[in-house]
Amino acid sequence: MKNIVIVGAGFGGLSVAKTLCRNNSVEVTLIDERNYHLFIPLLYQVAVGALSPDDVSIPIRSVFARYPNVKVLKEAVDSIDLRNRRVITCVRAISYDYLVLACGARHAYFGNDDWEQYAPGLKTLEQALEIRDRILDAFEQAEAAIDDVIKRKYLSFVVVGGGPTGVELSGAIAEMAHSVLRKDFRNIDLQTTKVYLVEAGPRILASFSETSSKQAMRDLQALGVEVRTSLAVTHVDAGGIQALNERIDAGTVIWAAGVRASDLNRFLDGEIDRQGRIAIEPDLSVKNHSDVFVIGDQAYCLDRKTHKPLGGLASVAMQQGALVAHNILAGIKGQSRRQFQYYDRGQAATIGKCRAVVEVGIFKINGFLAWIIWLIIHIWFLMGGVNRIAIILKWFWIYIANYQMDRIILAKEWRFYPALRPIRKYKEDKTPSKE
Ligand SMILES: Cc1cc2nc3c(=O)[nH]c(=O)nc-3n(C[C@H](O)[C@H](O)[C@H](O)COP(=O)(O)OP(=O)(O)OC[C@H]3O[C@@H](n4cnc5c(N)ncnc54)[C@H](O)[C@@H]3O)c2cc1C
């Protein structure tokens, strides 16, 4: 039996494993540093308290419980030894006949890693929960603030990056402030909340058509989001952002711009692009290593039709995963491999509770119908019946009752921006001195 090692149980890795698990002539070892598969496209809903972590994730073991030829390991892979055909995890070395790397990407701050402490990215559940804490706590701090300037700062939110994540997140924050939380606070007027979406390029949703981009901008403005294009962020700190000559003061900054592929690429031979992705062959293998495949956000892959690099999309990773499984089985049977051809099924971004932009081929849809399509696509792709039902019920409740359930702040201490913390300082000033 050939041993196939897959690193990463995201969209790409899971797609490979789900095809191979039905083939008893191979043994699959699926390694991930987490014990769950994360449905990243709905992560922003965790960040705004609309869904909980369990709604958007599923334990990897449960997916393969019925397949004895799949071994699941919760371990982080530290390095790859191509010469001896082994991957080295934090606890052991694992040999492979075929290796599939699908470790995705993480956020990048264009060489300014210190910005991360002030502006978390949205890629993991931990980050989504931290963003949720920050957003909810900002409202609490504004409610408690005595100084109007501080109050205004806490009621200002900046989302950096006008791609689908930035658009979805800024729309959801605006909706939360202006509608969902409106009646919960006594000392602040949430209508004064400012949400800025800052994009360095000339328009938001650059991968969509200009028509959809303009429509998304109008929809965001209708929700109260101030969209600022052609504004490159040059500095981020505890009190906001600096962009060219402009300063935007904000208590909460969220980073939705720039990604960097998995560091494991440095153990492979091949060209690496500016985003850290490794160039792969048309059959998705690594140059000179036909037994090693790289897929998804970790790989730099040209579209065979347009000759442009494919974007970081779940659909790209899933289609690549299916082809890698096919090519591995073809190799074992001595048959020839196929080359990767991406079938573009369109793209979608939602704006608030009932608007979206959807593009499928020449069709461009927006508004409520687009939102329904977005809803169906996401529910369709979600794994596991439990998640689907839980999400449908929650969305239905949010829609009719305008109530978001997951609104607890996990962090006990206000730890994000001590410089902006007025309450503690006020209490300390009032404490009588011991002398
Ligand atoms: C907020 C957000 C919203 C998005 N929305 C959409 C959308 O609406 N539609 C769409 O098509 N795409 C969307 N994307 C992009 C999509 O999520 C990615 O393209 C897709 O997840 C890539 O799949 P992947 O398998 O390459 O990596 P991932 O899905 O990121 O999976 C990587 C896996 O590898 C594991 N891993 C990483 N390093 C190691 C290691 N060293 N050892 C062990 N395990 C490791 C991780 O734990 C993870 O499980 C979105 C992305 C983000 C961040």
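Everything numeric here is computed off the predicted structure, so don't read it as measured data. In listed order, ligands and their atoms are each counted from 1. We number each residue from 1, following the sequence as shown.
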List in chain and number order the residues that pass side-chain contact (heavy atoms from CB on, under 4.5 Å) with Ala349, two or more places apart in sequence or in another chain; answer none if no residue qualifies.
Pro164, Glu168, Leu205, Phe208, Val357

Taken in chain and number order and not counting sequence neighbours, the residues that satisfy side-chain hydrogen bond (donor to acceptor under 3.5 Å, both in side chains) with Trp371 are none

All pairs passing salt bridge (charged side-chain N to carboxylate O under 4.0 Å, His left out) where residues 249-263 contributes a residue, at least two apart
Arg106-Asp263, Arg247-Asp249

is_close_aromatic(Tyr109, Tyr118), centroid dist under 6.0 Å:
no

Could you please provide the protein residues found below 4.0 Å of ligand 1 on a heavy-atom basis, arranged by chain and number?
Val7, Gly8, Ala9, Gly10, Phe11, Gly12, Asp32, Glu33, Arg34, Ile40, Pro41, Glu75, Ala76, Val77, Ala102, Cys103, Gly104, Leu122, Lys123, Thr165, Leu264, Gly296, Asp297, Gly312, Leu313, Ala314, Ser315, Ala317, His378

Do Arg277 and Asp297 meet the salt-bridge criterion of a basic N to acidic O distance under 4.0 Å?
no

Using the ring of each side chain (for Trp, its six-membered ring), is Trp115 parallel, tilted or perpendicular to His235, with breaks at 30° and 60°?
perpendicular

